[in-house]
Every structure is written in structure tokens, then in C-alpha cells.
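Shown next, in C-alpha cells, is the structure this report addresses.
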There are 2 protein chains.
Amino acid sequence: MIELVETKAAIERGVLAKHMVTVVGRCSVDYFGRATSTLPSGKRLVLIKGDNSISIHQNRLVRPTNYIMGARISCELGEGTLKLKAAKTKPAERLTITFTGVHDLRSYEMELTDDLRLSGSERDLNEALMQDLSMIEPGLKPINQQQHFRKGICDIIAQDKDGNMVVIELKRRQADFDSVTQLQRYMREVENLKGIKARGILLAPGIRKNAKELLGQLGLEFCRLDFELTPHGKDGQKARIKGLERKQQTIMQHLKVG
Amino acid sequence: MIELVETKAAIERGVLAKHMVTVVGRCSVDYFGRATSTLPSGKRLVLIKGDNSISIHQNRLVRPTNYIMGARISCELGEGTLKLKAAKTKPAERLTITFTGVHDLRSYEMELTDDLRLSGSERDLNEALMQDLSMIEPGLKPINQQQHFRKGICDIIAQDKDGNMVVIELKRRQADFDSVTQLQRYMREVENLKGIKARGILLAPGIRKNAKELLGQLGLEFCRLDFELTPHGKDGQKARIKGLERKQQTIMQHLKVG
DNA sequence: GCTGGGAGAGGCTTA
DNA sequence: TAAGCCTTTCCCAGC
């Protein structure tokens, strides 16, 4: 057990130095802002970061039970309690953590830099696909990528061998209702813009049954994208398509990051 | 600095006991699963929880840079390194944290209970609304809520004073494209099911410009919802509707297309 | 620098 | 188990 007075001083020092501070103790939590929540007394880990973000973790799940960002942090001693307060405006938010006992407190000096994450995301897949759209369908030629429309951002626009406009929506995960309606929105935009009919292809590793039904009703097409993620390699290339079969629709994606 | 051998033992003990374990040290991270990502060496906090979830935190932002859930955890000593591995299937995911130095390690006994009380959720709003639908419009009577359709779950179905079916989609935050298309899907379901025309109302604190445009094109209505989040304990009520304002009174009955 | 728009992913709930 | 959907987000582009 650590004295609350001492805890207060340590938190203040840590916050000032932009350290990462961990406090483990018995506390209750009140949050008011975009939602309202009350957390009864319990033992939890409070994580204070160098950018003044605070998160309260219980002993399960990845996401914190409560959190706040970009707030002004202050400490306040009461009758056998220590209140850790964070408040911000726009939008107005208030987080109050009331400690009745602190089991442990640690302060770690740590860089504030944003960790560089080298990842294979939808963007990489998108780029890899743009290298050779003919893998989706022979004769398919790219026209534009990530074109901004008023009703969303379209992944890929292409033209098929017969000169038809083709709108392609790419999903890394199983496609759902939202994916289908997104594609439909882009299609409408393209059709209205150009005054012509367009084809729409949803490209994803899978699609939910009911979503597929909706897709069919809307006259859109689905193309299964069976890709494989591989560990990073060493040449400067980010993503490379190894192959795709129209029947089995298999794309092997190799991610290589320098 | 803590010896890696000692770290390994402590992590294994902590995981077994379902403690919350924190490890602060220099590490690199490789993740393979929903995406593929590599995090270069850096000082970070690794949080291991009693449900076997692992998250890696940098000194900024609430969200962890990497995480995994429901995985099998193991430790492995190498040449001057300690590898903390987590792997799971369905879907296949692998997370490997390679420590080259450990500054601190803590293990805290902590309950696994989940005790957050959140109020002001959409569910609360829904309940508050169902108490008196006439707030939306005089003479509106509830028929059903959370009705399951083939293409989604409809928040509220009601009947207006003229006997028209009214489909209501409720959002606790600014409505967007998805909100509009959701409402549209439910409308179609209702209309196909009953073979009649229905009205559709989107109920939200606000609506995005483009989403509103789409709403208008589809002949749907928007109703601004002004609500207040109430603190806990007050007669069990979690949300209170302050007011409802019809932005545009659009009666679409005469727009029926045969 | 702030703000609005859009897409994303964890986690809950019900069938 | 799967499907549907909600959310205290986060990024990015435009002002």
C-alpha cells in the first residue's frame, strides 16, 4: 500500500515529465461526456500516458472500461481518498477516479513518438491490385483510385474490355450489409456523374448470406478474394500479388517491407 | 533491469494465476492475422490480463498499438531475448513480442469481473422513447421494437394516426450514410412483408449533410432528437428525452409510386 | 489548428 | 457458432 499523499505527488511528477504512469488500486470511476457511466469500487489499473490520455483497465478485455483523451489532469486529496480528475471542453467531458487505496504506482520514462507500424492493410491490397487489375477479370483497366465522391470514397474505378465502367469495393474482411450499400452508393455516384450504367464488383474474402442476397437483388457482383498474409520481407516492395484464379478467385498477397 | 529468465518465470506465474501482468521493456512486435504488422524496437508497456488478452501500449493514445485476445500464451528464451508469444485459431492470429531488455515487471491479483454501468446508450434511449411515442408525432402508437428481419433488425415499428406503418431508426449520435441505408433496408422489408407503403423516420441528434441529402432522395424523414444523459440512481431512468424537432415535415404519402 | 466526414474494429446480444 | 449492429475512435482532408 502506498500513501495517497505520496501517490498524488508521484502522479503529478509523472504527468509533468510526460512519463507513462501506472496506478493500481481500489477506486471508483465517474465519467460524464459523450456517455455517462459509473464504475463501483474495485481494484483496477489506471494508465496515464504522456499525451495526457487516461484509461482504466479491468482484468479482462483489450479495451479499457473508461478513458479520456486530451484532458487537463489534476489530483485532489480528500478524506481518505485521492481524486484523479481529468476534464476537457469541446466536447465537454469529465472523468473522475476516486482512489481509496493504492497498491502500486510506477512511472516510466518513455518516448512520445508515434510507433511506426508497418502493416498490410486494405491500402496495400488495393495498391497490389491496381498493379494488375486483369487478375480480377481479363481486360480490366484502372481509371482512378480512392476517388472522392460526395457519398463516400470509392476504392477502385476501372473499365472492362467492353468499355463498361466498373466500380470495385474492396474489403479485407467478410463483406456485410454495409459493404454492399457502400458499393451501391459509389455506383450511383458514378452513374449519375457519367450518365451511364456501371458494373459493381464487391471484392472480399467472403460475404454474409443475407448480404449476398441483397447484392444480387441490386444487380451487383461478388468476387471472392482469398488472400494470404505473409511475414515481412526485405526488399522495398510493400505488396505483391502472386496470382488470382477467376474460378477460385485466389490472390496470394506477399507483403515485403524494407 | 530485470533478468529475462526471471521475467519469463514471472509472466508464466502471473498468467497461470490469472493476474494482471505489466511488463515494461524494449521490444519489437510482430503480428499476423487480421493484418500483418511489424513494430520496430522501442520501449513499451505490455499488458497481460486474466482472460489471456495482451495489449502493447506506446506512450500516447488510448488504443494499444497491437493486441490479441483469447490466445494461448507462451514464453521462450533466446539469445539475449525473451519471446512472448500468443497464438489462436479461428481466425488464425499470431502475436510475438520480442524483448531485448525488461525494465520492470509487475503482477497484480485482480478480479475478473465486469462491472461497468453505462447509461445513455441507444438501448436506454429506445426504452425512454417507447414510453411515449407521441413525442415524435401525435397519435403514434408502438407496434414492435427490435424486430428481426432478413436484412437486419429494426429499432421501432409504429403506426401513425392515419394508420400508416412507420419505421423508426434511432441513433444516439449524428446519423450518417449507414444510418440512412439501414432505415431504407428495414423500410423495404416492412413494405414487402405487408405489401403496403410505409413511412421511415430517422431519429438522431443530428445528421450529416450528405446523409441528409441521401435521406431526402429516398423519401425518408428526419427528426432531431434532443436528449440528456441522467446520472445514475434517479428512479432507474438512464436517459431523458428533452425534445424532438421536426426539421422538415415531409409527408410522403402522396409520393407513392405505383 | 480545428473540424467534419468516413471507415474501421472490438465486443455484446440474440438466434 | 454466426449475424447484426453499436460505439467514450481515429485518421485525414479541407478550411
Side-chain angles (χ1 to χ4, degrees), chain A residues 29-37 39 53-56 60-71 86 88-95 114 117 119 121-123 146 148-155 169-179 181-182 185-186 206-214, chain B residues 33-35 51 53 55 60-70 90-91 93 114 116 118-126 146-155 169-179 181-182 185-186 204 206-213 229:
Chain A
V29 182
D30 285 287
Y31 170 79
F32 183 85
R34 281 165 281 196
T36 302
S37 72
L39 210 51
S53 62
I54 299 180
S55 43
I56 294 118
R60 62 187 292 265
L61 299 184
V62 168
R63 313 260 298 223
T65 51
N66 283 93
Y67 51 89
I68 195 165
M69 258 209 67
K88 62 175 288 206
T89 50
K90 274 174 70 167
E93 279 181 286
R94 235 177 336 102
L95 178 73
D114 195 6
R117 205 153 76 186
S119 64
S121 55
E122 179 174 320
R123 194 217 202 87
Q146 297 284 103
H148 284 67
F149 290 108
R150 298 191 34 237
K151 290 194 177 56
I153 299 163
C154 175
D155 281 337
E169 174 65 24
L170 178 65
K171 287 292 160 197
R172 255 182 33 216
R173 340 193 279 177
Q174 186 157 67
D176 56 12
F177 284 131
D178 195 29
S179 316
T181 51
Q182 260 184 58
R185 283 206 305 271
Y186 306 148
I207 185 167
R208 304 248 238 263
K209 200 164 161 288
N210 291 347
K212 187 168 190 178
E213 192 181 306
L214 178 61
Chain B
R34 300 172 297 259
D51 64 347
S53 61
S55 45
R60 62 186 294 267
L61 297 185
V62 168
R63 310 261 286 225
T65 51
N66 283 94
Y67 52 85
I68 194 166
M69 256 209 70
K90 269 184 66 164
E93 277 183 282
D114 183 16
L116 176 66
L118 188 82
S119 54
S121 62
E122 184 183 306
R123 194 194 189 89
D124 296 329
L125 280 179
N126 200 320
Q146 299 301 119
Q147 180 166 345
H148 287 64
F149 291 119
R150 274 187 78 72
K151 292 192 178 56
I153 302 160
C154 177
D155 281 339
E169 175 64 24
L170 175 67
K171 290 289 161 196
R172 72 175 301 283
R173 48 178 204 176
Q174 189 159 66
D176 57 11
F177 282 130
D178 194 30
S179 318
T181 51
Q182 263 185 59
R185 282 205 309 271
Y186 308 149
I207 184 167
R208 292 190 178 155
K209 200 162 159 289
N210 292 346
K212 186 168 187 178
E213 192 180 310
L229 304 172

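Below, chain A is the first sequence line, B the second, and so on; all start at residue 1.
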Residue mapping more 5' on DNA chain D - nearest nucleotide basis, A:Gly33 or B:Cys154
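In this pair, the answer is B:Cys154.
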
**Study point:** Residue whose closest nucleotide on DNA chain D lies nearer the 5' end, B:Glu169 versus B:Val62
**Key:**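 Final value for this comparison: B:Glu169.
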
Once you round it to whole Å, what is the distance between [atom2] of [N] and [atom1] of [X]?
X        : N      : atom1 : atom2 : answer
B:Leu61  : D:dC12 : CG    : P     : 12 Å
B:Leu125 : D:dC6  : CG    : P     : 12 Å
A:Arg34  : D:dC6  : CZ    : C1'   : 15 Å
A:Lys88  : C:dC2  : NZ    : C1'   : 12 Å
A:Ile54  : D:dT9  : CD1   : P     : 16 Å
B:Arg172 : D:dC5  : CZ    : P     : 18 Å

So what does [X] hit on the nucleic acid, given a heavy-atom distance under 4.0 Å: a base, only sugar-phosphate, or nothing?
X        : value
B:Gln146 : nothing
B:Arg173 : base
A:Leu95  : nothing

### Query
Passes side-chain contact (heavy atoms from CB on, under 4.5 Å), B:Ile207 versus B:Lys171? Steps please.
CA-CA 10 Å; B:Ile207 184 167; B:Lys171 290 289 161 196; over 6 Å; no

Q) Ring-on-base stacking between A:Tyr31 and D:dT8, under 5.5 Å between centres and under 30° between planes: is it there? A)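 The base of D:dT8 is stacked with A:Tyr31 (centres under 5.5 Å, planes under 30°).
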
Check: In Å and rounded to the nearest 0.5 Å, what is the OG1 to OH distance from A:Thr65 to A:Tyr31?
Finding: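 Result: 12.5 Å between the selected atoms.
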
Review point. If you measure from OG on B:Ser55 to CZ on A:Arg63, what distance do you get to the nearest 0.5 Å?
Key: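 B:Ser55 OG to A:Arg63 CZ: 12.0 Å, rounded to 0.5 Å.
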
> Below 4.0 angstrom, N of the basic side chain to O of the carboxylate: do B:Lys151 and A:Glu213 qualify?
Replying inline: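 Yes, B:Lys151 and A:Glu213 are salt-bridged.
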
A:Pro91 backbone acceptor or donor facing A:Arg34 side chain under 3.5 Å: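 A pair under 3.5 Å: no.
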
Worksheet item: Is there a side-chain contact between A:Gln182 and B:Asp178 (heavy atoms, below 4.5 Å)?
Response: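 A:Gln182 vs B:Asp178: side chains apart.
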
- Can you check whether B:Val62 reaches A:Ser53 side chain to side chain, under 4.5 Å on heavy atoms?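 Answer yes - side chains close enough.
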
**Q.** Among C:dC12, C:dG10, D:dT9, the one nearest B:Tyr67 by side-chain distance
**A.**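 Minimum distance to the B:Tyr67 side chain belongs to C:dG10.
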
Side chain of B:Gln182 - closest among C:dG11, D:dC6, D:dC10 |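 Output: D:dC6.
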
At under 4.0 Å, does any side-chain N or O of A:Arg63 touch on OP1 or OP2 of D:dT8?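 Answer no for this pair, as no side-chain N or O of A:Arg63 is under 4.0 Å from OP1 or OP2.
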
Where do N or O atoms of nucleotides 1-4 of chain D meet protein N or O atoms at under 3.5 Å, pair by pair?
unit_1, atom_1, unit_2, atom_2, d
D:dG4, OP1, A:Asn210, ND2, 2.9
D:dG4, OP2, A:Arg208, NE, 3.4
D:dG4, N7, A:Arg208, NH2, 3.3

When the nearest nucleotide of DNA chain C is assigned to B:His148 and to A:Asp178 on a heavy-atom basis, which residue is associated with the more 5' position?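 The residue mapped nearer the 5' terminus is A:Asp178.
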
Task: Base of D:dT8 paired with side chain of A:Ser37 (donor-acceptor, under 3.5 Å) - done: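 Counting by modelled atom types and ignoring angles, a donor-acceptor contact under 3.5 Å is found here.
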
